[in-house]
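Note sheet for the following structure.
Since this is a predicted model, take the numbers as computed values, not measurements.
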Amino acid sequence: MRKSVIAFGILVSLMSTTANANNKPSDKAIRPIKATTTNVAPLSLAVAQNDYETVKKFLELGSDVEVKDKTMGMTPIMYAARYNNVELVQLLIKKGADLTEKSKLGMTALDYAKLSNAEDAVALLQSI
């Protein structure tokens, strides 16, 4: 449990930083992106960080496998597929993740895997 709390603390500190893709102040088309933990569930953050043990612990403690983030409406399995983490895709499916669920963009986990060229995740999701 202690390792999970430490890992979650690290995730929170990593996700709350501001990323700026452009150092030129004259370019107004690119804005700084601020990632906050208020928009994404802790389970989805752990999935995006490919932290299998933390994801497993969250699920054991009763986290909702179908929780959606507030911005894009992505579920944890969509994050796992997007980042080509087959091990997490398999775990989430085993825990009851719905592969037909769609994000606010109308995309499924398979669509996110294809969009990201996540070949292993695409192969697994197509075989189911």
*NZ/Lys68 to OG/Ser44 distance, rounded to the nearest 0.5 angstrom?*
11.5 Å

*Which atom pair, heavy atoms only, marks the closest approach of Leu115 to Met107?*
CD2-CE, 3.9 Å

*Report yes if some heavy atom in the side chain of Ile93 is under 4.5 Å from a heavy atom in the side chain of Leu125; otherwise report no.*
yes

*Nearest heavy-atom neighbours spanning Arg82 and Ala118*: O-CB, 4.2 Å

_Check: Leu105 main-chain N/O paired with Ser103 side-chain donor or acceptor under 3.5 Å_ = yes

_Gap separating the OG1 atom of Thr108 from the CE atom of Met74, nearest 0.5 angstrom_ = 10.5 Å

*asked:* How close do Val86 and Asp120 get, counting heavy atoms only, and between which atoms?
replied: CG2-CB, 3.4 Å

*Determine, stepwise, if the pair Ile77 / Asp98 fulfils side-chain contact (heavy atoms from CB on, under 4.5 Å).*
CA-CA 8 Å; Ile77 197 157; Asp98 182 4; over 6 Å; no

*asked:* Could you check whether any side-chain heavy atom of Lys114 comes within less than 4.5 Å of a side-chain heavy atom of Gln126, counting everything from C-beta outward?
replied: yes

*asked:* Looking at every heavy atom in both Gln90 and Leu124, which two are closest together, and how far apart are they?
replied: CG-CD2, 3.7 Å

*Which atom of Val89 lies closest to which atom of Ala80, heavy atoms considered*: CG2-CB, 3.7 Å

*State, with a plain yes or no, whether a side-chain heavy atom of Tyr83 is found less than 4.5 Å away from one of Ser116.*
no

*Would you please say whether a donor-acceptor pair under 3.5 Å links the side chains of Asp69 and Asn39?*
no

*Asn84 (side chain) donor-acceptor with Ala121 (main chain) under 3.5 angstrom*: yes

*asked:* Could you tell me if the side chain of Leu110 sits less than 4.5 Å from the side chain of Leu99, heavy atoms only?
replied: no

*Judged by atom type as modelled, is there a donor-acceptor pair below 3.5 Å linking the side chain of Ser63 to the main-chain atoms of Leu59?*
no

*Within the side chain of Lys95, is there an N or O that forms a donor-acceptor pair under 3.5 Å with the backbone of Glu60?*
no

*Which heavy-atom pair separates Glu101 from Thr75 by the least distance, and what is that distance?*
CG-CG2, 4.0 Å

_Matching residue for Tyr79 among Leu45, Val40, Leu88 - test: side chain to side chain contact (heavy atoms under 4.5 Å, CB included)_ = Val40

_Neighbour count above 12 (heavy atom, 6.0 Å) for Lys102 NZ_ = no

*asked:* Could you go through Asp64 and Leu43, starting from their C-alpha distance and side-chain angles, then the distance that decides it, and tell me whether this counts as side-chain contact (heavy atoms from CB on, under 4.5 Å)?
replied: CA-CA 8 Å; Asp64 181 9; Leu43 176 60; over 6 Å; no

